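Reminder, nothing fancy here: chain letters follow the sequence lines and each chain counts from 1. All of these numbers come straight from a predicted model, not from anything done at the bench.
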Amino acid sequence: NAGVTQTPKFRILKIGQSMTLQCTQDMNHNYMYWYRQDPGMGLKLIYYSVGAGITDKGEVPNGYNVSRSTTEDFPLRLELAAPSQTSVYFCASSYDREGTGELFFGEGSRLTVL
Amino acid sequence: GIQVEQSPPDLILQEGANSTLRCNFSDSVNNLQWFHQNPWGQLINLFYIPSGTKQNGRLSATTVATERYSLLYISSSQTTDSGVYFCAAQRWEYGNKLVFGAGTILRVKS
């Protein structure tokens with residue numbers, strides 16, 4: 001198993017550009033999450049999904065969109081990038097009906113908006 | 001929602017020393033996990049421990065759910081233990097999501 005795979009690992013965007021961070025997992029997990037981590041800080045939840053076709057907002061959803069068309073994939077879309085979105089983004093997944101399963105993280109995507 | 005506080009914020013150890021990291025949470029939890037973020041940024045799940053005690057090599061964790069805290073013990077620390085340790089908690093009534101603490105930065109000196 002590859003686990004949770006994120007692409008790209010690094011990206012530089014100009015203000016106002018858009019991009020999609022890709023996340024895929026091969027563990028047949030039903031729950032998937034997107035977190036952001038600002039320098040020296042903890043993780044904040046952006047969006048999460050409890051299964052294909054179902055998504056919900058986390059603590060900091062503004063400026064982002066997600067979709068979950070398959071169990072494996074959970075892309076994060078940034079529209080009109082702003083410097084405040086400079087951060088490291090982590091995708092994660094877990095398996096449990098109530099979302100209480102062990103959480104597995106991807107390696108992160110470092111995004112800089114200039 | 002649930003609040004998660006970790007202490008200490010920073011810790012410097014000499015190689016071979018033992019340490020205890022604490023995680024307090026504001027309500028009873030259905031899910032409590034400990035993670036290690038290494039200096040390269042990778043996040044590794046250490047323990048899934050909503051209650052009770054678990055051990056994995058030099059690391060062990062105890063969660064006392066009734067008193068709303070969890071402890072992570074590191075014995076005979078090594079330089080590779082350096083990084084940031086996060087705990088994260090979840091309560092079903094607040095939604096299907098883990099809330100992370102701010103972390104404890106651990107530096108182990110050789």
- Output the distance between atom CG (B:L46) and atom CD (A:E102), rounded to the nearest 0.5 Å.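 That separation rounds to 9.5 Å.
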- Item | Spacing of A:S94 atom OG and B:Q33 atom CD [to the nearest 0.5 Å] | 7.5 Å
Any side-chain heavy-atom pair of [X] and [Y] under 4.5 Å:
| X | Y | result |
| --- | --- | --- |
| B:L43 | A:L43 | yes |
| A:F105 | B:Q37 | no |
| A:Y35 | B:L98 | yes |

- Under 4.5 Å heavy-atom distance to chain A, tell me which part of B:F35 shows up: side chain, backbone, both or neither.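 The side chain, not the backbone.
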- Look at atom CZ of B:R22 and say whether more than 12 heavy atoms of other residues, nucleotides or ligands are closer to it than 6.0 Å.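 Atom CZ in B:R22 is crowded, with more than 12 foreign heavy atoms closer than 6.0 Å.
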- Message: For the CD1 atom on A:I15, are there more than 12 heavy atoms of other groups (residues, nucleotides or ligands in this structure) within a distance under 6.0 Å?
- Response: yes
- Name, in order of residue number, those residues of residues 73-84 of chain B that have a heavy atom at a distance of less than 4.5 Å from a heavy atom in chain A; otherwise write 'none'.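 Listed by number: none.
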- chain A neighbours within residues 100-110 of chain B, where any heavy atom lies under 4.5 Å away: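 Within residues 100-110 of chain B, the residues under 4.5 Å from chain A are B:F100, B:G101, B:A102.
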Following the transitive rule for hydrophobic clusters with a side-chain heavy-atom cut-off under 4.5 Å over Ile, Leu, Val, Met, Phe, Trp and Tyr, establish whether [X] and [Y] coincide in one cluster.
| X | Y | result |
| --- | --- | --- |
| A:M19 | A:Y64 | yes |
| B:Y85 | B:L13 | yes |
| A:F90 | A:Y33 | yes |
| A:M32 | A:Y47 | yes |
| A:M27 | A:V50 | no |

- Item | Exercise: identify the closest heavy-atom pair between B:F86 and A:Q37 |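 Where B:F86 meets A:Q37 most closely, the heavy atoms are CZ-NE2, 3.5 Å.
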- Message: Using a 3.5 Å distance criterion without hydrogens, assess whether the side chain of B:N45 forms a donor-acceptor pair with backbone atoms of A:F104.
- Response: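 Such a contact is absent between B:N45 side chain and A:F104 backbone.
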